[in-house]
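Structure, as C-alpha cells:
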Amino acid sequence: QKEVEQDPGPLSVPEGAIVSLNCTYSNSAFQYFMWYRQYSRKGPELLMYTYSSGNKEDGRFTAQVDKSSKYISLFIRDSQPSDSATYLCAMAFSAGGTSYGKLTFGQGTILTVHP
Amino acid sequence: AAGVIQSPRHLIKEKRETATLKCYPIPRHDTVYWYQQGPGQDPQFLISFYEKMQSDKGSIPDRFSAQQFSDYHSELNMSSLELGDSALYFCASSLSGGGNTIYFGEGSWLTVV
C-alpha cells in the first residue's frame, strides 16, 4: 500500500463547478502538505501548502488538512477550463532542513473543466 | 524570474548506453532534488543535495549517480540504461530553510529504445 493515496479520477466538471480533490495518508510523521498542479509534459507547480490541521484559503483554492483522520483536500471554486490539469498532493516529513524537499506524491487526479 | 533549468529537454538512448542530465537551480538556492516520473505515474524522489553534499537518497538505482558542483548545478548520470528507465526526470530546487517553496524544472524526457 502506498503511503499516500489519491482519488484517481479522472474528474470532468462543467465550468463554474466546485471541485474537490482528496488524499489520504498512512504515515502520521508527515508534517507538511502541498498541492501541485501539473500540465501535460510540464513540471509540477505549487498551488498551496500548509503545516497544520484546518483550512487555508488562497483565491479560488482552499486546502484542508485533518491530521487526526490523515486526510487532505483541495477545493477549487468557480472552476475554469484553464484549471484542467493533473493535480498532485504531496507530503514531507519536515518543513525545514535538507529533508524538506523529499516529497511523497499521490498518484494524481486528472481534472477536465469543460466550458 | 529565473526558474530551474534542465537540459537536455529530450533525449533518446539505446539500451545499455549512458545518459547525463543537467540541472541549474534558481540562483541562491542551496538544495537540489531529482525526481523520476514514469508514464502515468507520480514523481518518485531519487536523491537530493545540500551545499554539494548528498542529503537524502530515495529509490535511485545503483546504476544512477548524481552530484552537485561548486556552482550548485547538478548532474544525474545514468548508466546501463534499461527500457524501464524511460521517464520524465525532474530537478527541483529550494532554499533549505523551512517553509520555502520547492520549484520544479520543466523536466528532461528520456526515452530508452
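Letters A, B, ... are given to chains in the order of the sequence lines, protein chains preceding strands, and every chain is numbered from 1.
Hydrophobic clustering, with ILVMFWY side chains joined whenever heavy atoms are under 4.5 angstrom apart, keeps A/L46 apart from B/I26. Hydrophobic clustering (side-chain heavy atoms under 4.5 Å, transitive across Ile, Leu, Val, Met, Phe, Trp, Tyr) groups B/L76 together with B/L11. Linking ILVMFWY residues whenever their side-chain heavy atoms come closer than 4.5 Å, directly or via other members, places A/L74 and A/V19 in the same cluster. Using a 4.5 Å cut-off between side-chain heavy atoms of Ile, Leu, Val, Met, Phe, Trp and Tyr, with links allowed through other members, B/F64 and B/L88 fall into different hydrophobic clusters.
Although no hydrogens or angles enter the test, the distance criterion places a donor-acceptor pair under 3.5 Å between the side chain of B/Y35 and the main chain of A/L103.
In this structure, A/R41 CZ and B/H10 NE2 are separated by 6.0 Å, a value rounded to the nearest 0.5 Å.
Heavy-atom neighbours of B/Y103 OH from other residues, nucleotides or ligands within 6.0 Å: at or below the threshold of 12. Counting non-hydrogen atoms of neighbouring residues, nucleotides and ligands closer than 6.0 angstrom, the NZ atom of B/K22 reaches no more than 12 such neighbours. For CG of B/D71, the number of neighbouring non-hydrogen atoms (other residues, nucleotides, ligands) closer than 6.0 Å is greater than 12.
Looking at B/Q6, there are no atoms closer than 4.5 Å to chain A (heavy atoms on both sides), in backbone or side chain. Residue contact with chain B, scored on non-hydrogen atoms closer than 4.5 Å, involves the side chain of A/Q38 exclusively. For B/Q44, the part lying near chain A is the side chain, with the backbone staying farther off; criterion is any non-hydrogen pair under 4.5 Å.
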*asked:* Using the rule given for ring-ring contact (aromatic ring centres under 6.0 Å, His included), can you reason through B/F45 versus A/F105, listing the C-alpha separation, both sets of side-chain angles and the distance that settles it, and then say yes or no?
replied: CA-CA 9 Å; B/F45 173 78; A/F105 284 88; over 10 Å; no
*side-chain contact (heavy atoms from CB on, under 4.5 Å) between A/Y49 and B/I102, worked out*: CA-CA 11 Å; A/Y49 66 90; B/I102 299 166; over 6 Å; no
*Audit row: A/K2, B/D42, side-chain contact (heavy atoms from CB on, under 4.5 Å) steps and yes/no*: CA-CA 11 Å; A/K2 289 175 66 72; B/D42 53 289; 3.4 Å; yes
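Between B/F90 and A/G43, the shortest heavy-atom distance links the atoms CE2-CA, 3.2 Å. For the pair A/K102 and B/Y33, the tightest heavy-atom approach, listed with the atom from each and the gap, is N-CE2, 4.2 Å.
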